[in-house]
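Comments concern the structure below.
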2 protein chains.
Amino acid sequence: MPKQATPLPHTVLGDDTPCCPPLAQQRVPAEVATALAPAFKALGDPVRLQLMSMIASAENGEACVCDLTPAFDLSGPTISHHLRTLREAGLVDAERRGTWVYYRARKAVLNQLAALLASGGGTTAP
Amino acid sequence: MPKQATPLPHTVLGDDTPCCPPLAQQRVPAEVATALAPAFKALGDPVRLQLMSMIASAENGEACVCDLTPAFDLSGPTISHHLRTLREAGLVDAERRGTWVYYRARKAVLNQLAALLASGGGTTAP
DNA sequence: TGTCAACCTAGACGAATGCCGAAGCAAGCG
DNA sequence: CGCTTGCTTCGGCATTCGTCTAGGTTGACA
């Protein structure tokens, strides 16, 4: 079986995506919803949410898989699968340096999602 | 790990939940991740994301189901099911007034989620 | 009171998800 | 060269999800 050198161009969410007039100020079009929903879905799992946090809050903005895996009571392949999900959602970026693989958070994308949710306005009280 | 499934006591997310030191500044504990993940999961569907937007951006901050349903090519029960999911995730609130049912967005919760994602810092590494 | 409209609940079914163990690549070291 | 370690991919199950049709339940109105 031939080796594919290009593992994942995915990037549904680019850093230049226009996106994000706040969800509460303007109705989200179907296209935009379809583009953004996978990112929220990827965050919709406790393990992935913790992974995302561990990666984003890491020292250099990147975390080694070897540090992430032992933080859970899950098998290595399962963690790898969750990381792949985050990667395909465009939330993180992976890079292999020597023996280890490092994941880095795409903070621009996180900020886009945050901007979408932030209702410029106030709390529940009208 | 002795993971205890949350039985969905409604309102996992209260308006007074302290929550939300940004995800990128402090590692999210397992409990918090378990509490917040359902909200992101609820937003992880294009239909629900549009519903959320339609409700949050409605005139009085509330939208009638009779206005929401015809906006999609889905059956009534399916829309109802999605609204229920949003409700159980604590993202919206439902109220019946006479014949119609109105849904209102919990903007405080949306703001909490936004604050969690907003990485006080900058964009992706330049 | 009977009837109609709006909305939710119940049950079912195909598709996707989460998990694991086993196997496959990649990099370093004896 | 071959062995060990790190991470991913590959098949497999059990569970959950999204959707539908059919059948309530609530309220308005003649």
Side-chain angles (χ1 to χ4, degrees), chain A residues 1-8 10 30 33-34 37-51 54-55 62-89 92-104, chain B residues 1-8 10 30 33-34 37-52 55 62-89 92-104:
Chain A
M1 184 199 301
K3 222 33 222 315
Q4 59 174 10
T6 348
L8 39 99
H10 290 117
T34 303
F40 286 113
K41 180 187 280 190
L43 293 174
D45 182 279
V47 172
R48 287 195 293 264
L49 199 53
Q50 288 180 81
L51 282 172
M54 293 173 71
I55 296 170
E62 61 184 14
C64 174
V65 176
C66 56
D67 291 330
L68 300 174
T69 303
F72 301 88
D73 277 347
L74 294 173
S75 69
T78 297
I79 297 298
S80 183
H81 174 252
H82 283 306
L83 288 171
R84 179 202 186 110
T85 301
L86 289 173
R87 213 169 51 212
E88 291 181 347
V92 299
D93 222 342
E95 183 187 356
R96 162 165 237 145
R97 285 207 300 278
T99 306
W100 291 281
V101 175
Y102 294 89
Y103 279 78
R104 191 181 317 142
Chain B
M1 161 154 120
K3 181 69 63 74
Q4 181 175 3
T6 333
L8 266 202
H10 253 217
T34 303
F40 286 114
K41 181 188 280 189
L43 294 174
D45 183 280
V47 173
R48 288 195 294 265
L49 199 52
Q50 287 180 81
L51 283 171
M52 194 69 221
I55 296 169
E62 61 185 12
C64 174
V65 176
C66 57
D67 290 330
L68 299 175
T69 303
F72 301 89
D73 278 344
L74 293 174
S75 70
T78 297
I79 297 297
S80 182
H81 168 71
H82 283 307
L83 289 172
R84 178 201 187 108
T85 300
L86 289 174
R87 214 172 48 215
E88 291 182 346
V92 299
D93 223 343
E95 183 186 356
R96 161 166 236 146
R97 285 206 300 276
T99 306
W100 291 279
V101 176
Y102 294 89
Y103 279 79
R104 190 181 317 140

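Just so it is clear: chains get the letters A, B, ... in the order the sequence lines come, proteins before strands, and each one is counted from 1. Keep in mind the model is a prediction, meaning the values are calculated, not measured.
- When rounded to the nearest whole Å, the span between CD1 of B/Ile79 and P of C/dT9 equals 15 Å.
- The separation between A/Arg97 atom CZ and C/dA26 atom C1' is 16 Å, rounded to whole Å.
- Between A/Val101 and B/Gly98, the residue whose closest nucleotide on DNA chain D is further toward the 5' end is A/Val101.
- Atoms CZ (A/Arg96) and P (D/dC7) sit 8 Å apart, rounded to a whole Å.
- The interatomic distance linking A/Glu88 (CD) with D/dT8 (P) rounds to 12 Å, in whole Å.
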Self-check item: Reading 5' to 3' through nucleotides 11-23 of chain D, protein heavy-atom contacts under 4.0 Å coded B for base, S for sugar-phosphate only, - for none
Solution: ------SSBBBB-
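- Atom CH2 of A/Trp100 and atom P of C/dC25 are 23 Å apart (whole Å).
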Quiz item: Should B/Arg87 and B/Tyr103 be marked as a side chain to side chain contact (heavy atoms under 4.5 Å, CB included) after you check the CA-CA gap, both sets of side-chain angles, and the distance that decides it?
Solution: CA-CA 9 Å; B/Arg87 214 172 48 215; B/Tyr103 279 79; 2.8 Å; yes
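- Distances shorter than 4.0 Å separate none of the side-chain N or O atoms of A/Thr99 from OP1 or OP2 on C/dA27.
- To the nearest 0.5 Å, atoms CG (A/Leu51) and CG (A/Asp45) are separated by 8.5 Å.
- Side chains of B/Arg96 and B/Tyr102: a donor-acceptor N/O pair is absent below 3.5 angstrom, by distance only.
- Judged by distance alone, the side chain of A/Thr78 and the main-chain N or O of A/Leu74 form no donor-acceptor pair under 3.5 Å.
- For B/Tyr102 and C/dA6, the shortest distance from a side-chain N or O to OP1 or OP2 is not below 4.0 Å.
- Nucleotide D/dC7 holds its P atom 13 Å from the CG atom of A/Leu51, rounded to whole Å.
- When the P atom of C/dT9 is taken as reference, atom CZ of B/Arg87 falls 6 Å away, rounded to whole Å.
- A/Arg104 places no side-chain N or O within 3.5 Å of a backbone atom of A/Asp93 that could act as its donor or acceptor partner.
- Between A/Arg84 and D/dT9 there is a side-chain polar atom (N or O) within less than 4.0 angstrom of OP1 or OP2.
- Looking only at distances, no side-chain donor or acceptor of B/Ser80 sits under 3.5 Å from a matching main-chain atom of B/Gly76.
- Atom CG in A/Leu83 sits roughly 10 Å away from atom C1' in D/dC7 (whole-Å rounding).
- For the OP1/OP2 pair of D/dT8 and a distance below 4.0 Å, the side-chain nitrogens and oxygens of A/Tyr103 include at least one atom meeting the criterion.
- The backbone N or O of B/Val65 lies less than 3.5 Å from a partner atom in the side chain of B/Thr69, making a donor-acceptor pair.
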